[in-house]
Amino acid sequence: MKGTHPRLDIWIEKTQSALALDMPKEHIHLECELYFLLSGERRYFIDGELYNVAPGNLVVVPGNAIHKTLAFNQKGYERYVLYFTEKSLSEVRRDLGEDVFSRFFSLGCVQFPPEQVVQMRERFERIFAEETKADAFSLSMKRSLLGEIIVMALRYGTRKACAAGEGADKIQHVARYISENFTEPLTLDDAARMACMEKTYFSKRFKALTGFNFSSYITQLRLSAARQLLLNTEMNISEIAAQAGFSGSNYFGDVFLRVYGMSPTEYRKQRKER
């Protein structure tokens with residue numbers, strides 16, 4: 001079930017599934033995201049880090065970060081996902097200071113003591129109620145509650161260790177390397193050697209654990225970098241393609257059109273008009 005009155009700067013979804021489903025495709029958006037699991041177990045891959053998410057855990061996803069959720073077992077699950085823009089939190093950012101505010105977005109997956117799990121769930125429920133029964137005060141209330149969630153995560157939360165076993169540590173090592181070096185040429189053979197795995201086996205384990213095909217992961221990282229350059233610089237398309245790691249501007253344009261349904265130039269124009 002989803003809220004029926006989404007706002008441009010803060011909106012929330014609630015989903016309950018009896019099936020252990022994977023997110024159908026890799027997910028990336030400019031907005032920030034908070035994923036709060038109510039029941040079940042999930043595996044969450046975000047920017048090279050892999051977490052086994054349990055009920056009461058909070059996953060912090062910065063804007064423009066590549067992420068995907070996967071089934072951890074055959075059980076169903078229930079979760080809230082809260083989306084927001086950083087500019088909607090200007091007061092919280094001012095009160096916490098830039099360093100502390102930035103630290104929140106590096107938390108990854110957060111676990112809480114039992115009492116704070118209850119309080120965290122209450123705040124997500126209240127935000128969802130504000131969205132489904134919106135009035136003139138709902139947006140201000142949602143901003144206030146979101147600020148409380150951020151402060152609670154920083155005060156009470158403990159960063160959860162990344163997933164281990166099943167080759168997860170080796171796969172994460174490669175995924176982190178790719179996320180830091182995606183502009184450089186990197187083949188499947190190179191990655192398999194880095195993980196000390198046979199190529200076919202590495203490809204299957206990478207897909208199973210992260211939800212990404214090896215080549216798709218690299219492409220998404222390059223597209224993510226390109227989007228930031230389109231929005232935040234005046235570089236031309238050829239310069240952006242080169243800096244993001246694409247082999248040429250024509251190839252970059254073709255990939256961008258296939259993924260986003262418009263050319264890089266159209267995307268830049270549309271986002272700036274907004």
Side-chain angles (χ1 to χ4, degrees), residues 7-11 23 25-34 45-49 60-68 83-90 92-94 97-108 172-191 194 206 210-274:
R7 301 285 186 172
L8 290 178
D9 58 351
I10 301 176
W11 70 98
M23 183 185 289
K25 62 180 294 186
E26 56 270 8
H27 203 47
I28 184 170
H29 40 73
L30 296 175
E31 298 80 15
C32 310
E33 174 182 323
L34 298 182
F45 180 73
I46 168 174
D47 271 354
E49 306 288 342
V60 181
V61 185
N64 214 43
I66 297 173
H67 55 290
K68 189 168 185 179
Y83 302 95
F84 59 97
T85 61
E86 284 195 36
K87 77 173 186 177
S88 68
L89 296 176
S90 55
V92 177
R93 190 172 197 155
R94 181 198 64 207
E98 194 64 37
D99 289 345
V100 176
F101 186 77
S102 297
R103 181 159 60 87
F104 171 74
F105 288 102
S106 66
L107 289 176
Q172 285 182 104
H173 170 69
V174 174
R176 292 181 192 125
Y177 179 86
I178 296 171
S179 69
E180 295 169 1
N181 300 276
F182 60 85
T183 61
E184 303 298 325
L186 183 66
T187 67
L188 180 60
D189 287 320
D190 296 331
M194 192 179 303
F206 193 91
T210 71
F212 288 84
N213 292 318
F214 172 75
S215 59
S216 175
Y217 181 56
I218 296 176
T219 299
Q220 288 295 335
L221 286 167
R222 290 172 177 170
L223 285 172
S224 175
R227 287 207 308 177
Q228 290 296 309
L229 294 170
L230 284 167
L231 298 178
N232 300 315
T233 77
E234 298 301 322
M235 295 170 63
N236 63 44
I237 301 304
S238 295
E239 291 171 330
I240 289 174
Q243 186 153 329
F246 289 94
S247 57
S249 58
N250 289 337
Y251 175 63
F252 166 54
D254 291 343
V255 173
F256 199 96
L257 178 63
R258 185 175 71 248
V259 174
Y260 298 114
M262 64 183 78
S263 71
T265 302
E266 290 170 332
Y267 179 85
R268 171 182 267 171
K269 180 181 179 181
Q270 183 185 95
R271 296 299 299 195
K272 288 191 173 182
E273 287 176 348
R274 289 183 182 178

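Just so we're clear, the structure is a prediction, and the values are computed from it rather than from any experiment.
Around NZ of Lys87, the count of heavy atoms belonging to other residues, nucleotides or ligands within 6.0 Å does not exceed 12. With a 6.0 Å radius and a threshold of 12 heavy atoms from other residues, nucleotides or ligands, Asn250 has its CG atom at or below the threshold. Heavy-atom contacts from other residues, nucleotides or ligands closer than 6.0 Å to CG of Asn232 number more than 12. A 6.0 Å sphere centred on CD of Glu86 holds more than 12 heavy atoms belonging to other residues, nucleotides or ligands.
Taking the six-membered ring for Trp and thresholds of 30 and 60 degrees, Tyr260 and Phe256 have ring planes inclined between 30 and 60 degrees apart. Ring orientation note: the planes of Phe206 and Phe214 are nearly perpendicular, at an angle over 60° on the 30°/60° scale.
The side-chain heavy atoms of Pro62 and Ile46, taken from C-beta on, include a pair separated by under 4.5 Å. Looking at Leu30 and Leu231, their side chains come closer than 4.5 Å, going by heavy atoms from C-beta outward. Between Ile240 and Phe252, some side-chain heavy-atom pair lies under the 4.5 Å cut-off. Between Arg227 and Arg271 the shortest side-chain heavy-atom distance does not fall below 4.5 Å. Within the 4.5 Å cutoff, no side-chain heavy atoms of Val61 are placed close to those of Leu34. Annotation: side chain of Glu31 is not in contact with side chain of Asp9 (no heavy-atom distance under 4.5 Å).
A donor-acceptor contact under 3.5 angstrom links the side chains of Thr187 and Asp190, judged on distance only. Defined by atom type and a distance below 3.5 Å, a donor-acceptor pair is present between the side-chain atoms of Asn64 and Ser224.
Rounded to the nearest 0.5 angstrom, Gln220 CD and Ser179 OG are separated by 14.0 Å. If you take CD on Gln172 and CD on Glu49, they are separated by 6.0 Å, rounding to the nearest 0.5 Å. Atom CG in Leu223 sits 12.0 Å away from atom CD1 in Ile218 (nearest 0.5 Å).
Looking at Asn236, its side chain does come within 3.5 Å of a backbone N or O of Ser238 through a donor-acceptor pair. At distances below 3.5 Å, at least one donor-acceptor pair connects side-chain atoms of Ser106 with backbone N or O atoms of Arg103. Ser216 places no side-chain N or O within donor-acceptor distance of the main-chain N or O of Phe212, the cut-off being under 3.5 Å.
Nearest heavy atom pair, residue Asp47 against residue Ala65, reads OD2-CB, 3.4 Å. Here the closest heavy-atom approach between residue Glu266 and residue Ser263 is recorded as OE1-N, 2.9 Å. Closest approach of Tyr217 and Ala175 over heavy atoms only: OH-O, 3.5 Å. Across every non-hydrogen atom of Leu230 and Tyr267, the tightest pair is CD1-CD2, 4.0 Å.
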- request: With side-chain contact (heavy atoms from CB on, under 4.5 Å) as the test, would you mind laying out the steps for Ile178 and Leu221 before giving the verdict?
  value: CA-CA 9 Å; Ile178 296 171; Leu221 286 167; 3.6 Å; yes

- request: Walk me through it: do Glu239 and Glu234 pass the test side-chain contact (heavy atoms from CB on, under 4.5 Å)?
  value: CA-CA 10 Å; Glu239 291 171 330; Glu234 298 301 322; over 6 Å; no

task: Given side-chain contact (heavy atoms from CB on, under 4.5 Å), test Arg222 with Thr219 step by step and report yes or no.
output: CA-CA 5 Å; Arg222 290 172 177 170; Thr219 299; 5.7 Å; no

message: Is there a side-chain contact (heavy atoms from CB on, under 4.5 Å) between Arg268 and Thr233? Walk through the geometry before answering.
response: CA-CA 10 Å; Arg268 171 182 267 171; Thr233 77; 4.0 Å; yes

